[in-house]
Amino acid sequence: MSTIALGLVRTKYEFIAYFREFDALFFTFLFPVIMLGIFSAAFSGMSDLGAGDAKVNFATYYLPAMAAAGILLSGVQNLAVRIAEEKSDGTLKRLGGTPLAPLSYFAGKLLTALVTGAMQLVLLMLFSHFLFGVALPTDPARYLDLLWIFVLGILTCGLLGIALSAVPRTGRSATAVVIPLVLFLQFISGVYLPFSQLPSWMQTVASLFPLKWLAQGMRSVFLPDQFKTLEVGGAWNLGAVALVLLGWLVVGLVVSRLTFRWIRKDA
């Protein structure tokens with residue numbers, strides 16, 4: 001079988017295995033939906049947020065943040081932890097003795113993240129619209145932006161997750177290594193706190209990583225155009241969003257290919 005065909009076969013296996021694991025479903029698939037519900041309910045009695053002459057409720061404001069967080073969880077957290085566990089339990093060692101090439105293995109992981117991430121995003125949008133009255137975009141151009149931001153974001157985060165999986169020495173230590181890093185990025189990147197209200201040094205640090213730009217791109221899709229005045233530079237700056245995500249995608253691809261081993265050399 002070709003590399004592509006093996007990758008598709010692996011994708012089917014990964015997809016089935018993903019939905020058989022309750023912890024993966026909760027912490028990567030349902031977590032953004034649950035967090036949106038918590039934020040929306042907690043701030044339901046407060047005044048709407050405004051920028052210029054536009055106002056939105058808290059559910060609308062947090063929708064793009066949770067969309068970006070979901071991509072990060074599906075790509076970085078899920079793949080980094082999952083692959084580290086597969087190294088520890090001998091799964092990768094067994095796969096290394098089969099015709100499966102690393103590229104086919106990567107394809108299976110990335111395509112699964114792409115499909116499950118898309119399902120998660122649709123669920124998040126439906127949940128916010130029907131339960132909290134969030135007005136979804138009506139301009140087709142915004143959905144085109146959503147498409148490329150999502151695809152580029154999930155591929156970037158997926159490759160970074162594969163690269164990060166080389167850091168934990170064991171599967172048991174993977175969550176201790178990955179989850180604090182993911183939480184740190186979420187707090188400094190405007191997911192849980194408005195980015196414009198963070199200290200300037202924190203904004204600078206966050207700007208070095210893809211999540212800040214991913215969240216900014218999502219805000220350009222779901223928030224009124226007046227809210228761009230709250231961004232650094234007063235613009236959505238989607239060109240910079242694309243460049244930063246592409247840059248990190250290349251980094252993730254190179255590091256993944258250089259560091260990936262079926263068996264850890266220091267195991």
Side-chain angles (χ1 to χ4, degrees), residues 10 13-39 65-95 102 105-106 108-117 119-121 123-124 153-189 191-193 205-206 208-212 214-215 248 251-252 255-256 259-267:
R10 188 65 193 176
Y13 169 81
E14 295 284 352
F15 188 80
I16 295 173
Y18 181 90
F19 282 98
R20 285 179 176 174
E21 297 185 2
F22 177 79
D23 54 348
L25 279 178
F26 181 81
F27 286 109
T28 60
F29 192 80
L30 296 177
F31 184 77
V33 176
I34 294 171
M35 290 301 296
L36 179 64
I38 291 174
F39 279 117
M66 292 303 105
I71 292 173
L72 182 76
L73 294 176
S74 296
V76 175
Q77 180 172 307
N78 185 50
L79 294 191
V81 172
R82 177 75 175 172
I83 294 173
E85 290 174 344
E86 289 178 349
K87 288 180 181 178
S88 287
D89 65 17
T91 299
L92 291 194
K93 182 178 181 180
R94 292 190 293 273
L95 288 176
Y105 178 76
F106 290 176
K109 293 293 186 185
L110 292 175
L111 288 174
T112 301
L114 187 67
V115 174
T116 57
M119 294 171 61
Q120 179 194 74
L121 180 59
L123 178 64
L124 186 65
I154 199 74
L155 292 178
T156 299
C157 290
L159 287 168
L160 290 175
I162 296 172
L164 185 60
S165 69
V167 176
R169 292 181 58 84
T170 66
R172 287 181 296 178
S173 67
T175 54
V177 173
V178 176
I179 291 180
L181 176 60
V182 169
L183 285 173
F184 171 74
L185 287 177
Q186 290 179 82
F187 273 104
I188 70 170
S189 301
V191 171
Y192 299 128
L193 303 171
V205 173
L208 300 175
F209 298 97
L211 182 58
K212 178 266 182 189
L214 187 56
W248 277 102
V251 170
V255 174
S256 296
T259 62
F260 181 78
R261 299 289 185 276
W262 294 118
I263 305 174
R264 284 188 67 105
K265 292 185 175 180
D266 56 353

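Counting begins at 1 with the first residue of the sequence.
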Between the main-chain N or O of S173 and the side-chain N or O of T170, is there a donor-acceptor pair closer than 3.5 Å? yes

Are the side chains of L72 and L214 in touch, meaning some heavy atoms are under 4.5 Å apart? no

So do Q77 and F31 actually touch side chain to side chain, heavy atoms under 4.5 Å? no

Minimum heavy-atom separation for T116 to A113, with atom names? OG1-O, 3.4 Å

For V33 and L124, which heavy atoms make the closest approach, and how far apart are they? CA-CD1, 3.7 Å

Which pair of non-hydrogen atoms, one from W262 and one from P102, has the smallest distance, and what is that distance? CZ2-N, 3.8 Å

Does a side-chain heavy-atom distance below 4.5 Å link L159 with V251? no

In Å, rounded to the nearest 0.5 Å, how long is the span from CZ of R82 to CD of E21? 4.0 Å

Using the side-chain contact (heavy atoms from CB on, under 4.5 Å) rule, take L181 and L164 through it: C-alpha gap first, then chi angles, then the decisive distance, then the call. CA-CA 10 Å; L181 176 60; L164 185 60; 4.0 Å; yes

Please give me the minimum heavy-atom distance between V255 and T259, naming the atom from each residue. O-OG1, 2.7 Å

Would the distance check show the side chain of S256 and the main-chain N or O of A163 forming a donor-acceptor pair, the cut-off being under 3.5 Å? yes

Short question: side chain of Q120, backbone of F29 - any donor-acceptor pair under 3.5 Å? yes

Results of side chain to side chain donor-acceptor pair (under 3.5 Å) for Y13 - residues two or more places apart only: none

Please report the interatomic distance CG(L30) to CE(M35), rounded to the nearest 0.5 Å. 13.5 Å

With rounding to the nearest 0.5 angstrom, report the CD to OH distance, E14 to Y105. 6.0 Å

To the nearest 0.5 Å, what is the distance between CG (L185) and CG (L208)? 10.5 Å

Can you classify the ring geometry of W248 versus F209 as parallel (below 30°), tilted (30 to 60°) or perpendicular (above 60°)? parallel

Donor-acceptor under 3.5 Å (S74 side chain, I71 main chain): no

From CA spacing to verdict: side-chain contact (heavy atoms from CB on, under 4.5 Å), M66, Y192: CA-CA 9 Å; M66 292 303 105; Y192 299 128; 3.9 Å; yes

Evaluate the side-chain contact (heavy atoms from CB on, under 4.5 Å) criterion for residues L79 and L160: first the C-alpha distance (whole Å), next the side-chain angles of each, then the deciding distance (0.1 Å), finally the verdict. CA-CA 9 Å; L79 294 191; L160 290 175; over 6 Å; no

Taking all heavy atoms of S189 and all of A215, pick out the closest pair and write down the distance. O-CB, 4.1 Å

Here the gap from Y18 atom OH to M119 atom CE, rounded to the nearest 0.5 Å, amounts to 9.0 Å

Quick one: pull up CZ in R261 and NZ in K87 and give me the separation to the nearest 0.5 Å. 9.0 Å

I83 and L92, any side-chain heavy atoms less than 4.5 Å apart: yes

